[in-house]
Amino acid sequence: MASSARKVIDNIVEFIEVKTEQIKLKIITRIARMLSGVIAISMLALFSMFFLFFLSFAFAEMINMNLDSSYLGYLIVSGGFFLIILIVILLLKTGKMQKWIENLIVRLEEAKYEQKRDN
């Protein structure tokens, strides 16, 4: 009797250890997915900023050539960026940008869930 009780206790302890390891692995997997997503988005943002930076210079130079000026193109391009900044600030104040970002995140998560469910 004591031997079978010991086996049950050993099985319970082993089960708890296995479950603990499974939980640890799930947590590590989720953290790795989140970090890889953050790194990928950061890299995309960095390269997008470089692209926008050089494209802005090229566009400003093109405007400079067309206007025979050495600075008006840069002023026009920076004015365009200033308008974009004002629009973003207005959207942030009204809360529309936050709602749009929240909806985007929810839709992405729903798509991930649907994809997991289909597999």
Side-chain angles (χ1 to χ4, degrees):
M1 185 86 171
S3 169
S4 71
R6 184 71 190 153
K7 283 184 182 180
V8 170
I9 292 172
D10 288 342
N11 285 341
I12 290 172
V13 168
E14 185 180 343
F15 176 77
I16 291 172
E17 288 173 353
V18 169
K19 276 298 188 185
T20 304
E21 286 300 314
Q22 282 180 340
I23 291 170
K24 285 180 187 178
L25 289 174
K26 281 184 180 181
I27 290 171
I28 290 170
T29 302
R30 287 183 181 174
I31 290 172
R33 282 187 191 149
M34 287 181 358
L35 282 176
S36 66
V38 167
I39 291 170
I41 289 172
S42 298
M43 288 177 63
L44 179 65
L46 178 69
F47 289 120
S48 297
M49 286 190 313
F50 277 127
F51 175 76
L52 185 62
F53 179 74
F54 288 113
L55 186 66
S56 299
F57 268 113
F59 189 59
E61 282 295 322
M62 185 183 76
I63 293 172
N64 282 340
M65 285 176 49
N66 288 333
L67 296 177
D68 290 327
S69 173
S70 61
Y71 61 89
L72 282 177
Y74 296 110
L75 286 174
I76 292 170
V77 169
S78 63
F81 282 119
F82 183 70
L83 286 174
I84 292 171
I85 290 170
L86 287 178
I87 291 170
V88 168
I89 289 172
L90 289 173
L91 288 173
L92 286 172
K93 281 188 175 185
T94 61
K96 290 182 180 182
M97 184 166 277
Q98 288 94 333
K99 288 179 186 176
W100 179 78
I101 292 171
E102 287 173 13
N103 289 336
L104 179 66
I105 291 170
V106 167
R107 279 187 268 138
L108 288 173
E109 288 300 317
E110 287 175 348
K112 283 182 188 177
Y113 176 75
E114 290 291 325
Q115 190 177 28
K116 272 186 180 178
R117 194 179 65 179
D118 290 342
N119 290 335

Between CG of D68 and CG of N66, what distance do you get to the nearest 0.5 Å?
8.5 Å
Please answer: with hydrophobic residues joined when any side-chain heavy atoms are less than 4.5 Å apart, are V106 and I101 in the same cluster?
no
Atom CG in N103, atom CG in L108: separation rounded to 0.5 Å?
11.0 Å
I87 CD1 to M97 CE distance, which is reported to the nearest 0.5 Å
9.5 Å
Note: N64 and S70 closest approach over all heavy atoms is ND2-O, 3.7 Å
To the nearest 0.5 Å, what is the distance between CZ (F81) and CG (L86)?
13.5 Å
Under a single-linkage definition using a 4.5 Å side-chain heavy-atom cutoff for Ile, Leu, Val, Met, Phe, Trp and Tyr, are L92 and L83 assigned to the same hydrophobic cluster?
no
For a side chain to side chain contact (heavy atoms under 4.5 Å, CB included) check, start with the C-alpha distance between T94 and L90, then their side-chain angles and the critical distance, and finish with the verdict.
CA-CA 6 Å; T94 61; L90 289 173; 5.6 Å; no
Would you say CZ of F59 has more than 12 non-hydrogen atoms from neighbouring residues, nucleotides or ligands within 6.0 angstrom?
no
Hey, what do you get for OG1 (T20) to CD (E17), rounding to the nearest 0.5 Å?
7.5 Å
Measure the spacing between CG of L35 and OG of S42 and express it to the nearest 0.5 Å.
10.0 Å
Do L55 and L72 sit in one hydrophobic cluster, given that two such residues count as connected whenever their side-chain heavy atoms are within less than 4.5 Å of each other, even indirectly?
no
Is F82 linked to V88 within one hydrophobic cluster, defined over Ile, Leu, Val, Met, Phe, Trp and Tyr using a side-chain heavy-atom separation of less than 4.5 Å?
no
Q22: partners by side chain to side chain donor-acceptor pair (under 3.5 Å), with sequence neighbours left out
K19
When you look at F53 and F57, which way does the ring pair (Phe, Tyr, Trp, His ring centres under 6.0 Å) test go after all the steps?
CA-CA 6 Å; F53 179 74; F57 268 113; 4.8 Å; yes
Quick check on the hydrophobic clustering: are Y71 and L67 connected, directly or via other members, by side-chain heavy-atom contacts under 4.5 Å?
yes
Under-4.0 Å salt bridge between E21 and K24:
yes
Scanning both residues in full, the closest heavy-atom pair of V77 with S56 reads CG1-CB, 4.0 Å
